[in-house]
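Have a look at the structure below, then the notes.
Computed from heavy atoms alone, side chains included, the values below leave out hydrogens, waters and symmetry copies.
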Amino acid sequence: MEKELWSDRKRVVFFSLPLSFTKYRLTTNRLFVNTGFLTQREDEVRLYRITDVSLSRTLMQRVFGLSTIHCNSSDKTLGNFDIINIKDGEEVKEILSQSVERERIARRVSTRENMIDVSDYDDWD
């Protein structure tokens, strides 16, 4: 049984009011993004498919206590996506990061990073 770890709505930057029809929900295995009013859509990404998580804040977001979390994922439908204008962004990012790592370890999923030193290739023209 999946346990809900966090949920929130996308908020309007001014006064950080949840006046949007976008809802986010994080469970132990998946992240759900619900959008729309007349036509609703629910996307989900399995946490083990998320490869990187970062946090950013514009000046207005900082004034009103909001954040945007950017997620890189290998999911075919969502791809790379943002969790926009949420409260307690640092805390949510930490919960998401820990959940992603836990799922990747449990499923034995790894990624390979290719790192090259560009200075080794001086004759690139």
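- In this structure, CG on D75 lies 7.5 Å from CZ on F81, to the nearest 0.5 angstrom.
- Listed here is the closest heavy atom pair of L26 and L96: CD1-CD1, 3.8 Å.
- Every residue was checked against the side-chain contact (heavy atoms from CB on, under 4.5 Å) condition with I105, not counting sequence neighbours, and none meets it.
- The CG atom of L5 lies 12.5 Å from the CZ atom of R30; values are rounded to the nearest 0.5 Å.
- Here the CD1-CG distance, from I86 to D8, works out to 6.5 Å after rounding to the nearest 0.5 Å.
- No side-chain heavy atom of R104 sits under 4.5 Å from any side-chain heavy atom of I50.
- Residue V13 is not grouped with residue I83 when hydrophobic side chains (ILVMFWY) are merged at heavy-atom distances under 4.5 angstrom, including chains of intermediate members.
- K87 has its side chain within reach of L66: a pair of non-hydrogen atoms, C-beta onward, lies under 4.5 Å apart.
- Between the side chains of N85 and Q61, a donor-acceptor pair is found at a separation under 3.5 Å.
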task = Apply side chain to side chain contact (heavy atoms under 4.5 Å, CB included) to the pair L31 and L78, showing each step before the final yes or no.
result = CA-CA 11 Å; L31 176 68; L78 268 180; over 6 Å; no
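- One hydrophobic cluster, built from ILVMFWY side chains closer than 4.5 Å, holds both I84 and V33.
- For S7, the side chain to side chain donor-acceptor pair (under 3.5 Å) test picks out E4, with sequence neighbours left out.
- Note that NZ of K93 is 14.5 Å distant from CG of D88, once rounded to the nearest 0.5 Å.
- Screening residues 52-62 for salt bridge (charged side-chain N to carboxylate O under 4.0 Å, His left out), with sequence neighbours left out, gives R57-E90.
- The backbone N or O of S56 sits nowhere less than 3.5 Å from a side-chain atom of S67 that would complete a donor-acceptor pair.
- Taking the six-membered ring for Trp and thresholds of 30 and 60 degrees, F37 and F21 have ring planes inclined between 30 and 60 degrees apart.
- Between Y48 and V109, the closest heavy-atom pair is CD1-CG2, 3.9 Å.
- Between the CH2 atom in W6 and the CD1 atom in I95 there is a gap of 8.5 Å [rounded to 0.5 Å].
- Of all non-hydrogen atoms in N80 and S73, the two that sit nearest each other are OD1-N, 3.1 Å.
- Considering all non-hydrogen atoms of both residues, R9 and P18 come closest at CD-CB, 3.8 Å.
- With respect to S97, the side-chain contact (heavy atoms from CB on, under 4.5 Å) criterion is satisfied by exactly one of V92, V53, L55: V53.
- Hydrophobic clustering (side-chain heavy atoms under 4.5 Å, transitive across Ile, Leu, Val, Met, Phe, Trp, Tyr) groups I69 together with V45.
- We find the CG-NE2 distance between N72 and H70 to be 4.0 Å, quoted to the nearest 0.5 Å.
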